[in-house]
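Here is the structure we will look at, set down as C-alpha cells.
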Amino acid sequence: MGILVLSSDGQTRTLQSEQTFGRTESCEVRLTGTHVSSNHAELRWFADGWHVKDLGSLNGTFVNGRRAPAGEWVLLDQGAKLAFGNPGDPPWVLQSADAPIPTLVPLEGGEPVPIAEGIIGIPVDAPVATVSVDTDGKWWLEDASGDPVALQHKAQFEVAGRLWRLSAPPVPSLTTPLGLSFTIDDTLLRIGHSADEENIQVEAVSRGHAVSLGARLHHFLLLVLARKRLQDRERGILESSCGWIYQDELLGQLRIDRVNLNLQVHRIRRQFSTCGFTDPSAVIERRPQTRELRIGFAAFDIQRS
C-alpha cells in the first residue's frame, strides 16, 4: 500500500485510492498554515502509479522542489517529496509507492481499517456483519437481518450504530495460470478426509489436469455440502434441486455464525479463482430469497483416508 511520511516528525499516512490535502474538514489530510489553501491538492492512484494534482491553490504544490502545473496530474516516483504552499516546508515523502488496498473509513474518527484478503467482519472485535468483494470485483455488505447490499466506492453505511465509508479502488481480475482454466461443470472434485474429519484434502480434476487445493479448515464446509447433494441424489431428487440446504440448518451443523459462514464462502471462492476456475462464484451457490446454499459441483469423489 502507498505510504506518506512527514519528514519533520515521522508522521505516517496510509494512502487510500484518492485523498485531498488542505485546511478544510472535508480534506482527508488536513494541513495547517495560512499558506495552505482550503482544498489544496489531490493524491490519487492510477494504473501506472501515484499522481498528485494541484487544485488551483494560491501558493502551489511542489514535487521534489519544483512547482507542479495547476490542474495537471504529476506521476510520483517512490521517494518523491511533496510540499504544499511552501517549498521550504519539511516535505511529505512517498515512502511506499505500492498500490492501495481497500479500507473501511470510520466517519466518526479513527484510523482506516484495511480489508485483508477482500473481506472483513465489523465491528472487528465482535463482528455482526461482513464487507467483502466477490470474484467480479463487486462489493457487498451482509448481516444477519437481510439480503446482501451492494456497495460502491465511497458508499456510506451503518453497522452496530457506527458509520463507515468504503474506500475501494477497482479490483483487477485475478490472474489464472497460462493454459489452465477450469469450470465447475467439467470438473471432478475429490475430497479426502481423516477419520476425525479434522484434515480435509481437496483436489480438482478437469480434462486430465489435477489441481491440489491442499488442506484448509473451510474445506469442511465443502464436505458437508457435497454430502448433502449426494444424499439428495440418492433419494431421487432432481439434479436441479439436489443439495440445497437452508442457511440456519447449515449453521447448526457447522456450529458457526453467519459472519463466519460468509468468511468461509468468500475464502473458498477466492481459492478456486486463484487455481484457474473461471466461474468461482458457482463453487457455492446461493438463493438469497430463501437463504439456501449448495455446492455447485455435480461430480464428487469423497474418500476417507
Side-chain angles (χ1 to χ4, degrees), residues 1-118 120 133 137 139 151-156 164-175:
M1 65 186 75
I3 297 175
L4 272 183
V5 177
L6 185 57
S7 59
S8 60
D9 60 8
Q11 181 184 158
T12 300
R13 294 279 182 173
T14 299
L15 298 176
Q16 301 172 39
S17 57
E18 53 192 48
Q19 51 266 292
T20 53
F21 294 72
R23 289 191 289 120
T24 64
E25 293 185 359
S26 62
C27 292
E28 286 80 12
V29 183
R30 296 194 61 192
L31 304 173
T32 59
T34 56
H35 56 283
V36 178
S37 295
S38 298
N39 291 282
H40 196 103
E42 181 179 357
L43 193 64
R44 183 182 296 184
W45 172 261
F46 291 93
D48 59 343
W50 291 100
H51 294 67
V52 68
K53 179 172 70 173
D54 184 85
L55 299 177
S57 67
L58 179 62
N59 294 313
T61 298
F62 298 84
V63 179
N64 296 327
R66 299 182 61 181
R67 185 163 182 162
E72 296 184 15
W73 290 108
V74 177
L75 177 63
L76 302 176
D77 294 324
Q78 184 162 308
K81 299 177 180 180
L82 300 175
F84 304 95
N86 182 358
D89 281 352
W92 289 86
V93 180
L94 185 61
Q95 185 181 77
S96 170
D98 292 342
I101 65 173
T103 58
L104 289 182
V105 182
L107 296 183
E108 297 163 357
E111 289 296 315
V113 182
I115 305 177
E117 298 183 356
I120 189 172
V133 63
W139 288 89
L151 297 176
Q152 302 293 330
H153 175 47
K154 293 189 174 181
Q156 298 184 15
W164 299 87
R165 182 179 71 244
L166 174 66
S167 175
V171 178
S173 299
L174 293 171
T175 303

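Computed from a prediction, not measured in an experiment: that's the story for all the values here. Position 1 is the first residue of the sequence, and the numbers go up from there.
- Taking both residues in full, the closest heavy atoms of Ala168 and Trp139 are given as CB-NE1, 3.4 Å, listed atom of the first, atom of the second, then distance.
- Contact record, Val52 with Ala41: CG2-CB, 4.4 Å, taken as the closest heavy-atom pair.
- Atom CD in Gln95 sits 10.0 Å away from atom OG1 in Thr14 (nearest 0.5 Å).
- Taking both residues in full, the closest heavy atoms of Ser57 and Gly60 are given as OG-N, 3.0 Å, listed atom of the first, atom of the second, then distance.
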key: His51 and Leu43: CA distance, side-chain angles, deciding distance, side-chain contact (heavy atoms from CB on, under 4.5 Å) verdict   = CA-CA 6 Å; His51 294 67; Leu43 193 64; over 6 Å; no
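- Shown here are the salt bridge (Lys or Arg N to Asp or Glu O under 4.0 Å) partners of Arg44, two or more places apart in sequence or in another chain: Glu18, Glu42.
- Between Leu4 and Phe21, the closest side-chain pair of non-hydrogen atoms falls below 4.5 Å.
- Put simply, the side chain of Val5 does not reach to within 4.5 Å of the side chain of Gln11, judged on heavy atoms.
- Contact check for Thr103 versus Val113: no side-chain heavy atoms found under the 4.5 Å cut-off.
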task = For side-chain contact (heavy atoms from CB on, under 4.5 Å), just list the numbers for Ile101 and Ile115, CA-CA rounded to whole Å, side-chain angles, deciding distance to a tenth of an Å, and then say yes or no.
result = CA-CA 7 Å; Ile101 65 173; Ile115 305 177; over 6 Å; no
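- Residues Ser17 and Trp50 approach most closely at O-CZ3, 4.0 Å, considering heavy atoms.
- Pro102 is not listed as a side-chain neighbour of Ser167, based on a closest heavy-atom distance of 4.5 Å or more.
- Here the NE2-NZ distance, from His40 to Lys53, works out to 13.5 Å after rounding to the nearest 0.5 Å.
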Sequence neighbours left out, cut at 3.5 Å: what donor-acceptor pairs do the side chains of residues 74-94 make with other protein atoms?
{"residue": "Gln78", "atom": "OE1", "partner": "Ala97", "partner atom": "N", "Å": "3.2"}
{"residue": "Asn86", "atom": "OD1", "partner": "Gly88", "partner atom": "N", "Å": "2.9"}
{"residue": "Asn86", "atom": "ND2", "partner": "Asp89", "partner atom": "OD1", "Å": "3.3"}
{"residue": "Asp89", "atom": "OD2", "partner": "His35", "partner atom": "NE2", "Å": "2.7"}

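- Atom CD of Gln152 has 12 or fewer neighbouring heavy atoms from other residues, nucleotides or ligands inside a 6.0 Å radius.
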Return all side-chain donor-acceptor pairs below 3.5 angstrom for residues 22-32, not counting sequence neighbours, or 'none' if the list is empty.
{"residue": "Arg23", "atom": "NE", "partner": "Val36", "partner atom": "O", "Å": "2.4"}
{"residue": "Arg23", "atom": "NH2", "partner": "Val36", "partner atom": "O", "Å": "3.3"}
{"residue": "Thr24", "atom": "OG1", "partner": "Ser26", "partner atom": "OG", "Å": "3.0"}
{"residue": "Thr24", "atom": "OG1", "partner": "Ser38", "partner atom": "O", "Å": "3.4"}
{"residue": "Glu28", "atom": "OE1", "partner": "Thr20", "partner atom": "N", "Å": "2.8"}
{"residue": "Glu28", "atom": "OE1", "partner": "Thr20", "partner atom": "OG1", "Å": "2.9"}
{"residue": "Arg30", "atom": "NE", "partner": "Thr24", "partner atom": "O", "Å": "3.4"}
{"residue": "Arg30", "atom": "NH2", "partner": "Arg23", "partner atom": "O", "Å": "3.1"}

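- Annotation: side chain of Lys154 is not in contact with side chain of Leu166 (no heavy-atom distance under 4.5 Å).
- Side chain of Glu72 to backbone of Pro69: no donor-acceptor contact under 3.5 angstrom is found.
- In the displayed structure, Arg66 atom CZ is contacted under 6.0 Å by at most 12 heavy atoms of other residues, nucleotides or ligands.
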